[in-house]
Every structure is written in C-alpha cells, then in structure tokens.
Chemist: 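Would you mind keeping the following structure in view while I ask a few things?
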Amino acid sequence: MTMARTLARRVAHGLVVLFATVTLAFVLDEVVPSDPARMVAGAQARAEDVEKVRRELGLDRPVGVRYARFLRRLVHVAGTSAEGHATCAAAGPLHLDLGKSYQKRLPVVTILAERVPRTLSLAFVAVLLQALLGTSLGVFAAKHRGKKRDRGTVGASLVATSAPTFMTGLLLQLVFAKVLGVLPLDGFGASFGDHVASIVLPALTLGLYGAALYTRLARDEMVTELGRDYVRTARAKGAGPARVVAHAFRNVLVPLVTLVGLDLGALVSGAAVTETLFRWPGLGQLAVEALLDRDGPVLMGTVLVTCAGVVFSSIFVDLAVHWLDPRARAEGPSRTRD
Amino acid sequence: MGSSRAAPPPDPLRGERSRRATRARTFLGRLSSMLAFASASLLATIFVPASLEGCHAGLDAPIPAASADDAPPRHGGTLRLSSFGAIRGLDPANIADGLVSTIHQLLFAGLLDFDERGEVVPRLAERFEVSPDGRSYRFFIKQNVLFHDGTELHADDVKRSIERALHPTAPNPYASFFAGIRGYDTFSKGKSDELSGVVVEGSYVVRIDLVEPDSTFLSLFAMQVLRPVCKSAGRRYDDGFVACGAGPFKLKPGGYVRGAEVALVRHDGYYEPGKPYLDGIVFTFGVNMSAARYKFSNGELDTLRDLTAGDLAAFQRDPRWAPLGAYDRERQIMGEALNTEIAPFDDVEVRRAVVAAIDRTHYELVKPSTLRAANQPIPPGTPGYDASVKGQEHDLAKALEHMKRAGYPYDPATNTGGYPHVIPYYTYRQGVSEYTAQVFQQEVAKIGLRLELRLVSYPTYLAQIGRRKKVPVGPWGWSEDYPDALDFLESLFHSKGIAEDDANNVSFYSSAEYDRLVDDAKRAIDPGRKKELVARAVAKVLDDAPFAFAYSVRFYEVHQPYVRGVRPHPVWARNVSFVWLDRKDEGRKAGLLAPMGGLARR
C-alpha cells in the first residue's frame, strides 16, 4: 500500500471522526437543559420577547429539523444552499457555513477566522518553547545522570508541572509586567510588534508547564539510548560526547515528535485559562464563552476546529514518525497501524 | 585440639536475599528522594509567588492631579476604563447586558435623560408636554442637534429610531416594555409597516400616543433603547450597524474590537457648547481583577471598579484612597423565590414562616463589601423605595408559630417535626448564589425545613427556574430596568409575568388584588395616588410572602485624583460623560526596568 493511499485513508478516517464528533456535540448541546434564547434575551426579558428571539434564531423548530439544516449547510457547493451565503466561508466552489453566533450575531466562520490564527500562533510558540526548553534540559539531565545537576533539573521540572498555569501566569505578570515593566500585562496589541510582545508571557506560561513533560521524556529516553550497545560502540570507536549525544538523540526524536504533535493538537483547542488571564482572544476563551452563554453555533465551530486540529496533528505525527524512523520506511506503510 | 566446628552449609538463598535487600534499599532511597523533591517543589510553588506578592502588599499611592481641587475643567486627554466582562454589541435595539449602558450613555443621547437626582429631564428635547389624560406626550426637539455623521436630528429620525428598535425583526429584548404605545400590537406582529402611535407633527415636534395612561412611560422613554440613531442605521435593524448617534462621544473608526475594546472620540458637533471635555474614552474588556489593579496603580487605568473583597477593603481603609471612592446606588434586589404552586410553599403560612426565619444579616457575611441586608421588594436606590416600610423581619418564634399553623410544628430543642420531605433547592455557581444558598439552608433548618442544594450551571438554572411546576425554591432577584418601583413590582409579582416557560414571576404568584393595585399604580398620573397604590402593593406582597427578600447589591468604584467631575449617578453606572482629566502627563508609571526600554505598551 503506498504512502499516498495510507494518507488518503487516514484523512478519510479523520473526516469520519470529525462528523461523529460534531454530531455528538450537537446532541449534547440539545440534551443539556438550558435555553439559548433566554441567554440571548437576558435573564429579565419578558416571555414574549424571549419567544421572539427563539423564533428568530430558529430554536422553535424540532431538533431533527435543526440538525438536518445544520448538516445541509455545513459543507456545500456554491449556489446550493437554501440559507443564502451571508455566513459562508468559501474555498473555491466549496463553502463552509456554521451559521451565525446567537450572542455576537456574526457569522461563526468570521469569528473563527479571527480567533484561530491567534490560537495557532500561541500554540506554535508555546510548543516551540516547550520542546526546545524541555528537550535541552532533558538531554542535559541525561548527560549528568545521577548527579546534582540531574536531580536539580528533574526537581525544577516537577515544580513547573505542579504549579497551575494560572499561578504561573500571575507570577509572570507580576514579575515582568508589574515589577520590571518590560512586557505588556495582557492583551493582543494593535501592531505586529505589539503582538510579538504580547505573546511572550502567555507562551511562557504554557511553555514552562509543558516543558516539564518534555524534560522528563527526553531525559528518560536519552538515558535509555545512552545505555545501548550502539552508543557503547560509538564511544569505543572514539566518538566524542557531542557526537554520541547526536547519535542517541536521533532515536529520541520519535517519541518527542509524537508528543509535539499531540501537544499541538491539544493547544489548538485553546488554553482557556491562559487566554482568559492574558486577554488573549483565542479559541479557548471563545469556547468557554460559548459554553457559558449556550451559543450553539459557536460551540459547534470550536468543536469542529478543535477536532480537526487533533485529527490532522495526529496525521502529521504519523507522517513525521514515518519520515524519521528508517525502520518504518523499510517495513513500509503497513507498519503504521490505523 | 583446635576448634573444628564445621562451617554452616551455604544458604542457597543468601545471595538472592542480599540482592532483594539491596533493591529494597535502593527503592526506598529513591522513593524518599522523590518525596523530598515533591515536598520542596510544593513549598516552592506556594512560597515563591506568595513572597513576591507579599513584597508588593499595600496600595500604591494615588497619582496626584496637576491642579488644585477647585480648578476649572480643562479639555483634553483620554479616559481609560476596564471591566472583567464584555459587551455584546453597540446597537441600542439589542441591549442584553448591563455593561453597555455606560457606553450607550456616551454614544446615544435621548430626548429625555435622568439628572443627578434621578428625575426625568429633557435633554435633546427642549421641553415636553403631557396631555391631561396622560395618553399623549409631545416632545419639542432642540434645533441644530447634530448626529455623529454631521446630519441634523429631526422628528422623523426619532420616529424612525423608535420603529427600528421595536420592529419584530429587531432582536430587542425590551420591545414589550413599550407595548403601551398605540399601534404596537399590529406593528410588533408585522401587520403594519409603521408605528401609528408615534406621530411626526413637524420637523422638530414628535408626539407619542399611548393606549392608556402610563406613569412609567417617561422613565422608560428616558432609557437608551429608543434613542435616536443616525440615518445610516436605516429603518430596520441590521447586524452590521456601526454605532452612530447624537451623544457626546462617537465611535473612533475601527474603534470597536469585539470582546476587547471600545474606543470613543469626542463628538465635536455635540449640542452642548464646550462639552465634552475629554478627547476620548477607551473601554477595555476581559481584564481580570489583578491585572486591573496593576494597571490602575500604574496609571494605565483611570478608574477601578472590579475589585476583590480584599482590595476593596484596602481602598476603603486607606485614608489616601477613601475620599476617591464611592458606592453606586443599590438598584438590585435579591432573595429566595418561593414557588406558590409547589408544596410546601403553596401554603402561605409556610412562606410566612420562611421569611420570618431568615436573619438577613447573615447574607451580608457572604460578601460584606457588596451585599446589604434587604427586607422589601424595592431596593434603596430606586424611586418608590420607602425606608419607613417595616418589611420582612427576622423573628424565629413567629416563624415557628407559622409552621405550627401550617401543620408542621417543629421543636428546635429536639430537632423533631417540621416539613417531612426534603425540598430541592436549585442554585448556580455564579456570583454569590452558591454561598447564599448555604446561608438560606441553615436559616430554614431552624424551623424544620430541610433543603437539598442542587448546583447547576447558570444557563440550566435560568431555564429551570422560569418553568412552571419545576423549581420549588431558588435564588432570584431583579436589577432595575428603569428607575421606578413598578419595574420590580410588575416584573416579579404581577400575574402577567407567569408563563409555562420563561416566567419572570418565578414564584408563580397570582393575586387579583395585587394585579389591580399594580395596574392602577401604573395608570395613576397623580404622583400621590401612585405612591399610595405602590405602598399597598408592597404591603400585599410582604404579607403574602411569595418571596423572601434577602439582600441588595452595591458596587464600589475608585478613581485616581486627576479624574475630575466624578459623581455617582442615580441611574447610570460609571457616568463619565462630562469628567475631565487633570493629569501632569499621559505617561505610564515606570516599572523597574522601563528606563532601559521595554516592550510594554502604554
């Protein structure tokens, strides 16, 4: 089976997972006892005004009709939607339509188009920080295994992973924004320079927490690799410490890349606490708002994006592992289990 | 002869036991090291941030003003405010959050407004007349009042704006408040294209006709919902409306970043000469309390409203800050809604027992800085509140007597008797409700009522409490929609507020006598007559006890000394329309490394 066919099969499976997840989310949204129309109209709105809002949002229709409507317009070809295209995002003839937010009264695709890049940028920077910092520390600890430097590194990683992210975030705000005054306290900023400055603290908050996991993984994997025969052979043949580490690190990459992929997938859903603390207008904050406000269309949108992020990051991990591990290439795609 | 004692036979397991012992010692050694690390980590996690925060305990000094207290207003500067929540939009035809009224007050001026005593006064109207029968209101609009787009306000703009807000296509949750306008019924059902009760009598005269007299109409009309909007808003509501009105400030181009910020600039064509004083105002949303406090002390925010209980107490105690803060008027009443259709609260004696059992001062303990004990349906800050009303009083002996009359005698000494069933009490995890629920549970336990607290999400709670025959008892309350006692009396207890779903009268209290009193009060043009009817309605609802009133809520705001002209308004929270800044510079207070250059924004 060629790589292309495997990839196509993984993508098809991913789409099935997406469909199932979105359907489950729709059902759960319906099952939870609440009233989105009341949330839109407000706690003090009169019954007739709530009813007007309910009709306007289409919430007076049976759930089956609403589900069919949702599916029919979710992905459609241009010109075929009975709903019109005011709330669509277009990629050529293919349109994606998640409807309009009950609360914000904007197309959901517009809201997502605003939020997803911000979450992605935070996720990428955070994962980069985690991976670089964690891996460096892990390799360092493995090289000095059993010594104080090893124990100190492991201890520090324990501290970082024990502290809740909001506490780390508050501490960073206090130190860098309030006391030292070198970074913005929160927000997204207006210019590109502002964005860069603003991303540092939230990325560091997530980075410190996640780096601990990378530290432990890298350390343990390196310790295992450094104890293997091929490393002993390399040393016997006169390879220096740096070359030995490079040899061993190549084998550590596979589990690390797996972790990077899974991490990215998780962070695409947004880190709600960190985003709220730093006023970073991302998907996590959006999802929490939508949940609390019972904003069904936005909730479905965030579920879709999150699920897509996880599915495609796992496909990426599979591809990366396949590329990194010669054994996987030699044995063919069948080695990668679906 | 020497000792020739034979050596013991070799222990075949000796080596194995030795290896096991070594492994066990190694394991225990590693375990103890891990535990030591874990403990050190935990302590570090707690102590390091606590120490850092402790180093910064105490309030920074206020940033002084440039001039003396009696200096005249000066123009210029940008006022910066923040809130933890966010607004949903800027269209007055779609108001559904409490925060936006502050911004609407700046963007949209109305024909009427409230003065600093809470009285309705003309604003964009020069004057108004009320017909003798109270059914017609004629407004004479000031000339040369300009919208933000430079066009002049005319009477047809008033009519257009009203129709735009009340049309069935507008998602206006307050539309039915204006059902008394003649022609609303057909207009709201889409059977008529225009609202016949709003009549343009000339370029600057508009008349509004009501179906019957309404003593609340002027207060309602002074609210922001029907305020004039620019011609660019069109005749019908549209989601793409860019806020444009006749208020003292206008929206800066690109100034509304949804969920993040609203930036306003001075409307140079504002009808009052020389006003406003500020160049602009910036609202930032989603700012948590600690960030807001940091920004306020750094001078990045000019006022502070979202305060933790500890910070609030600190600001009130500090003699430098105490004169710079003040509470808003209390315009919100909270308590326990007793469902008169579900046992045991379908029995008036049980309800009277509950209201007498509660010691309302215990509610204050939940959040002393914000909650104040209340025992009647009108909060102290709302017109119509009467401090001389006796209200619901705590009297445990009377409460027990009521329980006895209800057929559920209870002996506190032996904890026997009382209502035989456990009553579900629904509450939600938002604000203080989770904690006041526990107070209520303990208060009514003293009279033999056992509650089972059921914590649900706020949306679930809202859906359940308004549904008929669903929730026997739960927290409920009302925030002032418009400054009139009837807002509370009508919304909470009139039978019109009962519905199968979405009831506002969540006690499902229905009394023909009460309804008649409230309806008559609403129609009463004579203030004395209205006051008398309101008093009787209050007495009736206190006696029938469908609601155990518990506390009112108040909010505190503190400002920097250089923010001048700050006066708490009886209706509008954070009324900053005509404040001015008297600041030495616009710069930010520096952090330790800021002179070296930093990436921090102002």
Side-chain angles (χ1 to χ4, degrees), chain A residues 32-53 56 100 103-106 114 151 154-155 158-159 162-163 167 170-171 173-175 177-189 193-194 196-198 200 276-277 279 281 285 289 292-294, chain B residues 33 37-38 40-42 44-45 48-49 52-53 56 88-89 94 96-97 168-169 171-177 239 258-260 284 286-288 290-291 294-295 298 300 457-460 462-464 466 478-479 481 491 497 499 501-504 588 590-594 596 598-601:
Chain A
V32 168
S34 62
D35 185 358
R38 170 58 86 178
M39 294 305 294
V40 168
Q44 300 196 170
R46 293 175 178 172
E48 54 262 50
D49 295 318
V50 177
E51 186 55 36
K52 185 179 77 172
V53 169
E56 195 237 335
K100 198 193 280 192
Q103 292 278 343
K104 301 180 198 311
R105 304 190 65 85
L106 287 174
E114 223 175 55
R151 289 196 209 103
V154 169
L158 202 55
V159 172
S162 304
M167 192 188 288
L170 284 171
L171 191 58
Q173 279 184 324
L174 178 65
V175 171
K178 173 83 169 85
V179 173
L180 298 178
V182 292
L183 287 170
L185 197 67
D186 58 17
F188 182 65
D194 286 346
V196 170
S198 301
V200 173
T276 302
L277 185 64
R279 284 183 59 236
Q285 203 189 46
E289 278 171 16
L292 293 176
D293 288 338
R294 307 299 296 118
Chain B
S33 298
F37 273 131
S41 307
L42 187 62
T45 306
V48 168
L52 273 171
E53 185 59 35
H56 287 81
R88 219 162 65 181
N94 184 17
D97 63 80
T169 55
N172 185 354
Y174 291 98
S176 64
F177 279 66
D239 288 331
R258 200 173 279 277
T284 312
V287 183
N288 67 65
S290 60
Y294 291 159
K295 291 185 178 198
N298 280 354
E300 293 173 66
S457 70
Y458 183 61
T460 300
L462 272 191
Q464 304 291 300
W478 204 257
S479 293
D481 294 307
S491 304
D501 289 303
D502 305 319
N504 282 337
R588 177 180 166 276
L592 287 178
L593 296 184
M596 292 165 56
L599 299 171
R601 296 191 306 284

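A note on names: the letters A, B, ... follow the listed sequences, proteins ahead of strands, and every chain is numbered from 1. Quick caveat: nothing in here was measured; it's all calculated off a predicted structure.
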Chemist: Is A/Glu56 close to chain B through its backbone or its side chain, or both, or neither, when contacts mean heavy atoms under 4.5 Å?
Modeler: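 For A/Glu56, the side chain is the part near chain B, not the backbone.
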Chemist: Do side-chain atoms of B/Asp502 reach the backbone of A/Arg46 as a donor and acceptor pair under 3.5 angstrom?
Modeler: no
Chemist: In the structure I gave you, are the side-chain heavy atoms of A/Asp186 and B/Lys295 within less than 4.5 Å of one another anywhere?
Modeler: yes
Chemist: I need the residue from A/Val196, A/Asp293, A/Leu106 with the largest number of non-hydrogen atom pairs under 4.5 Å to chain B.
Modeler: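 Most pairs with chain B among the choices: A/Leu106.
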Chemist: Quick one: closest heavy-atom pair of A/Arg38 and B/Ala503, and the distance?
Modeler: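 Heavy atoms of A/Arg38 and B/Ala503 come nearest at NH2-O, 3.9 Å.
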Chemist: Can you tell me how far apart CZ (A/Arg105) and CG (B/Asp239) are? Round to the nearest 0.5 Å.
Modeler: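 With rounding to 0.5 Å, CZ (A/Arg105) is 4.0 Å from CG (B/Asp239).
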Chemist: Does any backbone or side-chain atom of A/Pro281 lie under 4.5 Å from a heavy atom of chain B? Answer side chain, backbone, both or neither.
Modeler: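 For A/Pro281, there is no contact with chain B at all, as no heavy atom is under 4.5 Å.
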Chemist: Check each atom of B/Tyr174 against the heavy atoms of chain A and say whether the ones under 4.5 Å are side chain, backbone, both or neither.
Modeler: backbone
Chemist: Among B/Gly466, B/Pro168, B/Gly497, B/Ser479, which residue has the highest count of heavy-atom pairs closer than 4.5 Å to chain A?
Modeler: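 Between B/Gly466, B/Pro168, B/Gly497, B/Ser479, the count favours B/Ser479.
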Chemist: At a heavy-atom separation under 4.5 Å, does A/Gln44 approach chain B through its side chain, its backbone, both, or neither?
Modeler: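 Backbone plus side chain of A/Gln44, per the 4.5 Å heavy-atom cut-off to chain B.
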Chemist: For B/Ser457, is it the side chain, the backbone, both or neither that has a heavy atom under 4.5 Å from a heavy atom of chain A?
Modeler: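 Neither part; nothing is under 4.5 Å.
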Chemist: Based on non-hydrogen pairs under 4.5 Å, which of B/Ala463, B/Ala499, B/Pro459 is most in contact with chain A?
Modeler: B/Pro459
Chemist: Please enumerate all residues that pass side chain to side chain donor-acceptor pair (under 3.5 Å) together with A/Gln285, with sequence neighbours excluded.
Modeler: A/Arg115
Chemist: With side chains defined as the heavy atoms from C-beta onward, is the minimum distance between A/Leu185 and B/Glu300 less than 4.5 Å?
Modeler: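 No, their side chains stay 4.5 Å or more apart.
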Chemist: Would you give the length of the straight line joining atom OH of B/Tyr294 to atom CG of A/Leu170, rounded to the nearest 0.5 angstrom?
Modeler: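 Between atom OH of B/Tyr294 and atom CG of A/Leu170 there are 6.5 Å.
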Chemist: Between B/Asn172 and chain A, with a heavy-atom cut-off of 4.5 Å, which part of the residue counts as in contact: side chain, backbone, both or neither?
Modeler: both
Chemist: Sub-3.5 Å donor-acceptor pair from the side chain of B/Arg88 to the main-chain atoms of A/Val40, do we have one?
Modeler: yes
Chemist: In terms of heavy-atom pairs under 4.5 Å, which option from A/Gln103, A/Met39, A/Glu51 contacts chain B the most?
Modeler: A/Gln103
Chemist: With a 4.5 angstrom heavy-atom cut-off, could you sort out which part of A/Lys104 is near chain B: side chain, backbone, both or neither?
Modeler: both
Chemist: Taking all non-hydrogen atoms of both residues, which atom of A/Ala43 and which atom of B/Leu462 are closest, and how far apart?
Modeler: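 Heavy atoms only, the tightest pair is CB-CD2, 3.9 Å.
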Chemist: For a quick test of reading the model, state the closest non-hydrogen atom pair linking A/Leu277 to B/Asn288 and the distance between them.
Modeler: O-ND2, 3.1 Å
Chemist: Using the side chain to side chain donor-acceptor pair (under 3.5 Å) criterion, which residues pair with B/Ser176? Sequence neighbours excluded.
Modeler: A/Asp49
